[in-house]
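Here is the structure we will look at, set down as structure tokens.
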Amino acid sequence: MEITNHLEKTEPENTEEPKKRKKLGLTSRIFIALILGMICGVVFHYLVPEGFVRDTVFVEGIFYVIGQGFIRLMQMLVVPLVFCSIVCGAASIGDTKTLGTVGVKTLVFYICTTAIAVAVALTVANLINPGVGVDMSSILVDTSASEKLGQAEEVSVVDTLLGIIPTNPIDSLASGDMLPVIFFALFVGIIIAILGRKAETVHSFFEQFNDIMMQMTSMIMVVAPFGVFCLLSRTFANIGFDAFLPMVKYMVSVLGGLVIHCLIVYMILLAVFARVNPIMFLKKFVSVMAFAFSTATSNATIPLNIETLDKKMGVDRRISSFTIPLGATINMDGTAIMQGVAVVFTAQLFGVPLGPVEYATVIATATLASIGTAGVPSVGLITLSMVFNSVGLPLEGIALIMGIDRILDMARTAVNITGDAVVTCVVARQGGRMDKAVFDDPNAGKDVDEVKVQMS
Ligand code: ASP
């Protein structure tokens, strides 16, 4: 199998081809797969009779294997890609002062946007009142709820901070523990820069390995539409729409909060702090959002996010390779929005009054919970218990929303990774590390969309 990258086309025979035969880009293919997957899932849920063929062969067979296989392929890239690209980024930026400025700015933006997200959620929820007039007995309670909550262990802030320093970096790499991996990689990169020629061989090893990982990302993305189709088919075949009905107001509140945060807060940030066209950002980023929506995991989206910011928006990889994995680990605006709405929903359902002090507490704890939420499916529900505890809400509320959380998990993950990309654009632009011409070029990075696979 041979992979050809259109951006790097050198052969004259290729240059005229795109004009004659317009191929669908990756973004369009992912979208078509997403819609078809939803339709297929709904058809399976309502029209195909239960039984061996539907459940074992398709839903838990073909759809599950292809969907999970695709997620695993993307996850396979994460640790080596993050490690190598942070080492290379730190080694080429070199001075710790610049790295420190980027780090502090990124953290401040991540924390502030999450706090704003919770405030948006609390406002929307208080306007829609999702927990008023809901018949509790009609809600489907997820039986695995108590199990999942039981697994949640309380980790103190001090332990979380100390956990950033790995006692054994190999162990952190092996278990995919992002913060210690980022810490160690930054350290290695800085020292490569300090040692200069003495560490030349190691430096070029990491650069070459980084190129290999980028090429692997492009190759794997070729099969993304199949993965997305199967993931969506399985999800919708399993849940259908019945469970949503009593929860409609809750779902509308969460989705409303997500849309407002994405289309208003992020767009203002891009226009004001990055001075770039927010619409152009959305157009170029929508395929990454669709990918996060289908997989419900920020972590697996890291490679595609870095690739898209680099090729389509001209964001220096030395910035994004650090800010994107960091964001996928600690910056979860979408999750914080779900948590804000869940608090108001449960308080209304159980008649617990919330005042200004409770609201301020929710903003603080949901922001912290977002830092503690790992970028994998459903973890936001587990860290929600910390937010509920802080204002004395019954944990039964979590069991009630678990039944329909999968769809909201998909939507909030799309917002989680958009927040990472928006902050990365702001930090890169302010630090002079974004090529504005690439950002403004609507055709930039078509190669992310057009990796051509030729069977030989
Ligand atoms: N699925 C989310 C993510 O990966 C985390 C969550 O909210 O459960 O970003």
Side-chain angles (χ1 to χ4, degrees), residues 67-68 70-72 74-75 77-79 82 110 113-114 117-118 120-121 142 144-145 148-149 151-153 155 176-179 227-228 231-232 235 239 250-251 253-255 257-258 261-262 266 285 288-306 323-343 345 362 365-388 398-399 401-424:
Q68 284 306 310
F70 173 61
I71 294 191
R72 291 179 72 106
M74 291 307 281
Q75 280 170 334
L77 297 167
V78 173
V79 170
V82 167
Y110 279 163
T113 47
T114 309
V118 192
V120 167
D142 191 323
S144 61
K148 283 193 185 167
L149 289 176
Q151 288 163 7
E153 346 159 347
V155 184
D177 235 344
M178 274 312 154
L179 293 180
V228 166
L231 286 167
L232 269 286
T235 305
I239 51 182
Y250 169 75
M251 294 185 75
S253 309
V254 176
L255 294 175
L258 293 175
H261 195 65
C262 205
Y266 288 158
F285 198 70
V288 190
M289 292 171 86
F291 178 85
F293 180 81
S294 320
T295 58
T297 137
S298 299
N299 277 1
T301 317
I302 294 172
L304 181 64
N305 205 343
I306 296 178
T323 56
I324 294 297
L326 183 68
T329 315
I330 67 161
N331 182 48
M332 308 275 171
D333 295 356
T335 304
I337 288 174
M338 175 279 284
Q339 297 186 336
V341 174
V343 164
F345 172 75
V362 170
T365 46
T367 305
L368 282 179
S370 138
I371 297 177
T373 305
V376 289
S378 299
V379 180
L381 271 191
I382 298 183
T383 51
L384 180 58
S385 56
M386 172 180 153
V387 186
F388 273 28
I398 303 182
I401 55 180
M402 243 176 202
I404 46 109
D405 190 64
R406 175 69 196 183
I407 299 289
L408 296 179
D409 192 8
M410 293 157 74
R412 67 177 181 256
T413 306
V415 174
N416 286 344
I417 54 96
T418 308
D420 306 338
V422 167
V423 170
T424 300

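Every number for a ligand or one of its atoms is a count from 1 in the order of the listing. Quick caveat, the model's predicted, so the values are computed rather than measured.
Here the straight-line distance linking atom CZ of Phe291 with atom CG of Leu231 works out to 8.5 Å at 0.5 Å rounding. Once rounded to the nearest 0.5 Å, the distance linking CE of Met289 with CG of Leu304 reads 12.5 Å. Interatomic distance, CG of Leu408 versus CG of Leu255, reported as 5.5 Å (0.5 Å rounding). With rounding to the nearest 0.5 angstrom, the CZ atom of Phe285 is 4.0 Å from the CG atom of Asn305. Of the inter-residue distances, the one linking Leu258 atom CG with Met338 atom CE reads 10.0 Å to the nearest 0.5 angstrom.
Against a heavy-atom cut-off of under 4.0 Å, Ser378 is close to the following atoms of ligand 1: 8 (O). Within ligand 1, counting atoms from 1 as listed, the ones closer than 4.0 Å to a heavy atom of Asp409 are 1 (N), 2 (C), 6 (C), 7 (O), 8 (O). Ligand-side atoms of ligand 1 in range of Met332: 9 (O), range being under 4.0 angstrom from any heavy atom. Counting atoms of ligand 1 from 1 in the listed order, those under 4.0 Å from a heavy atom of Ala374 are 5 (C). Ligand-side atoms of ligand 1 in range of Ser298: 3 (C), 4 (O), 9 (O), range being under 4.0 angstrom from any heavy atom. Each of the atoms 8 (O) of ligand 1 lies under 4.0 Å from some heavy atom of Val379. Against a heavy-atom cut-off of under 4.0 Å, Thr335 is close to the following atoms of ligand 1: 5 (C), 6 (C), 7 (O). Ligand 1 places these atoms under 4.0 Å from at least one heavy atom of Gly380: 6 (C), 7 (O), 8 (O).
A heavy-atom distance below 4.5 Å is not found between the side chains of Val254 and Arg412. At a threshold of 4.5 Å between non-hydrogen side-chain atoms, the residues Ile401 and Leu381 count as touching.
The distance criterion of under 3.5 Å between nitrogen or oxygen atoms is met by Gly375 with respect to ligand 1. Any N or O atom pair closer than 3.5 Å counts here, and Thr373 shares no such pair with ligand 1. Polar contact with ligand 1: present for Ala296 (N/O pair, distance under 3.5 Å). The shortest N or O to N or O distance between Asn416 and ligand 1 is below 3.5 Å.
When non-hydrogen atoms are compared, ligand 1 lies under 4.0 Å from the side chain of Arg412 (C-beta onward) but not from its backbone. Contacts of Pro377 with ligand 1, taken as heavy-atom pairs under 4.0 Å, involve the backbone alone. The part of Val376 lying near ligand 1 is the backbone, judged by heavy-atom distances below 4.0 Å.
Nearest to atom 2 (C) of ligand 1 among the protein's heavy atoms is Thr413 OG1, 3.3 Å.
For the residue pair Ser378/Asp405, the side-chain donor-acceptor check at 3.5 Å is not satisfied. Defined by atom type and a distance below 3.5 Å, a donor-acceptor pair is missing between the side-chain atoms of Gln339 and Ser370.
Between Tyr250 and Phe345, the two ring planes are tilted [angle within 30° to 60°].
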